[in-house]
Amino acid sequence: MSSSEAPAQETSTDQRYHRLEVTAVIEETHDSKSIVFNIPEDKKAKFAYLPGQFLTLKVPYDGKQLTRCYSLASSPHRDSEHKVTIKRVVDGRISNWINDYVKAGDQIEVMTPAGLFCLNDKTPAGDIVLFGGGSGITPVFSILKSALETTDRKIKLIYANRDDRSVIFKDELKAIAAEHIDRLEVVHILDSVHGFLTQPMVCQLMDGYRHGEYFICGPGPFMDTVESALIGLGEPEDRIHTERFVSPPDPDQAEAVVQQAKAAAESSNTVQFEAVLDGETYEIPYEKGDTLLEALYKAELEPPASCEEGMCGACMCTVERGETQLAQNDVLSDKELEKGWTLACQARPLSNDVKVKFPD
Ligand SMILES: Cc1cc2nc3c(=O)[nH]c(=O)nc-3n(C[C@H](O)[C@H](O)[C@H](O)COP(=O)(O)OP(=O)(O)OC[C@H]3O[C@@H](n4cnc5c(N)ncnc54)[C@H](O)[C@@H]3O)c2cc1C
């Protein structure tokens, strides 16, 4: 299929994907569009989501099946529809293809919601400060709306954009801010007016907000600036949540990485490993070549997982003991790797004493 044709109509053979109909396409700004999906009654439970989670879309493009994650900008507590918003990336294949060609009535292969960058009932109390840069507004907007509906926490949104016409959800935000004048503060930073956000600006904007919870999503340098400023202010790292918008490698590139990792694991003679899941410890038999996730599935366990391609982070777990080999990784930062995080869908044990633990 060429890049300019309509989305796939055939049924996917991949059970993780569901063919969903696009019910509306909304022009948000000159370079971004939202698409709204119809979730049939029998799929509603599967597509239930937490604010901040994302959908993975699979699009046939120039003979390849390319997968891309898009955060749900809708809130499960305020909006009835599932809406994702896609901003054009210069020379990007799928973002431009969606903006150019997708229309109401089209069908797209979509994976059920996933992701750990979200507001949930394990989230600590305190103020919430949200930092969104460009299209990075999508998950934080969902979190903002849900936090207003389900908590009484004070919320501040710092939203950076190139210029005024690039501000996605401008009117909706204005209306919500007017509804919640007592506990929602929205600050717009425009590159064209204020320049790029700097650490001193972040520190100044944090005036009156401390010991809260922080959600950051946007371009890499924006996120690094905010994170460094918050750490500099003494905010604990476990209260700083980040979501990085990246594309996974094309399937052929990903396969090469997996083959390399498999070859490296070939010399290991691991026959079992230990896994802590939902607080229970299991001894998992291991067959050569399998990832941790595949071995857990064979043991009939149900660990959290979604894309199984190393890009969503749904199967993140920590290596508590032993040695493992990680293949594809588009989600864990160097810091997270240093702390022992790995991806069950991409990791293979290299020694017989491996113990991994999934978050409670
Ligand atoms: C969890 C998550 C949530 C996300 N949520 C959103 C969201 O809500 N909204 C949103 O807009 N985006 C979101 N993204 C980003 C999105 O998934 C894509 O990365 C983005 O749309 C760009 O995809 P693309 O196919 O257009 O670009 P790509 O084709 O992947 O290109 C990306 C860059 O690589 C270069 N490139 C072009 N062709 C090639 C090639 N053949 N091989 C290699 N590189 C190439 C391009 O110059 C471009 O700069 C999210 C990402 C993640 C991981």
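Both ligands and their constituent atoms are indexed starting at 1 by order of listing. Because only heavy atoms are used, hydrogens play no part in the values below, and waters and symmetry mates are left out as well, while side chains stay in.
When the options T138, T85, I86 are ranked by their closest heavy atom to atom 9 (N) of ligand 1, first place goes to T85. Distances from atom 47 (O) of ligand 1 to the heavy atoms of V59, D91, V84 show the closest one on D91. Summarising the contacts of atom 2 (C) of ligand 1 with G52, C69, G136, the nearest heavy atom is found in C69.
Nearest protein neighbour of atom 20 (C) of ligand 1, counting heavy atoms only, is Y70 OH, 3.8 Å. Distance from atom 18 (C) of ligand 1 to its nearest protein heavy atom, with residue and atom name: S247 OG, 3.5 Å. Ranking the protein heavy atoms by distance from atom 15 (C) of ligand 1 puts F245 CB, 3.8 Å first. The shortest contact between atom 26 (O) of ligand 1 and any protein heavy atom is with S95 OG, 2.6 Å.
Annotation: E302, atom CD; neighbour count of heavy atoms from other residues, nucleotides and ligands within 6.0 Å does not exceed 12. A 6.0 Å sphere centred on NZ of K46 holds no more than 12 heavy atoms belonging to other residues, nucleotides or ligands.
The main-chain N or O of K33 is never found under 3.5 Å from a side-chain atom of T85 such that the two would form a donor-acceptor pair. A distance-only check finds a donor-acceptor pair linking the side chain of E235 to the backbone of H211 [under 3.5 Å]. Put simply, the side chain of E308 never gets that close to the backbone of C345: no donor and acceptor are under 3.5 Å apart. No donor-acceptor pair under 3.5 Å is formed between the side chain of E172 and the backbone N or O of F169. A donor-acceptor pair under 3.5 Å is absent between the side-chain atoms of R78 and the main chain of S146, judged by distance alone.
Remark: ligand 1 and K87 share an N or O pair separated by less than 3.5 Å (distance only, no angle test). At least one N/O-N/O distance between I94 and ligand 1 falls below 3.5 Å. Some N or O of R68 is nearer than 3.5 Å to an N or O of ligand 1, by distance alone. Considering both main-chain and side-chain atoms, R244 never comes within under 3.5 Å of ligand 1 through any nitrogen or oxygen pair. For a threshold of 3.5 Å applied to N or O pairs, the pair formed by R93 and ligand 1 contains at least one separation below that value. Inclusion of E243 in the set of residues having an N or O under 3.5 Å from an N or O of ligand 1 is not warranted.
Side-chain polar atoms of S71 and E243 form no donor-acceptor pair below 3.5 angstrom. With hydrogens and angles left out, the side-chain atoms of Y49 and S74 include a donor and acceptor closer than 3.5 Å. Of the N and O atoms on the side chains of E28 and S34, at least one donor lies less than 3.5 Å from an acceptor on the other residue.
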Verdict with reasoning, S166 to T29, per side chain to side chain contact (heavy atoms under 4.5 Å, CB included) | CA-CA 6 Å; S166 307; T29 62; 5.7 Å; no
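Within ligand 1, counting atoms from 1 as listed, the ones closer than 4.0 Å to a heavy atom of V89 are 22 (C), 48 (C), 49 (O). Atoms of ligand 1 lying under 4.0 Å from at least one heavy atom of F54, given by number and element, are 1 (C). Of all the atoms in ligand 1, the ones that sit under 4.0 Å from a non-hydrogen atom of V90 are 46 (C), 47 (O), 48 (C), 49 (O). Atom numbering of ligand 1 starts at 1 in the shown order; those under 4.0 Å from a heavy atom of G92 are 24 (P), 26 (O), 27 (O), 28 (P), 29 (O), 31 (O).
Across every non-hydrogen atom of P51 and I143, the tightest pair is O-CG1, 3.6 Å.
Protein heavy atoms come within 4.0 Å of atom 50 (C) of ligand 1. At a distance under 4.0 Å, no protein heavy atom can be found next to atom 34 (O) of ligand 1.
Assignment of V246 to the shell around ligand 1 is supported, since a heavy atom sits closer than 4.0 Å.
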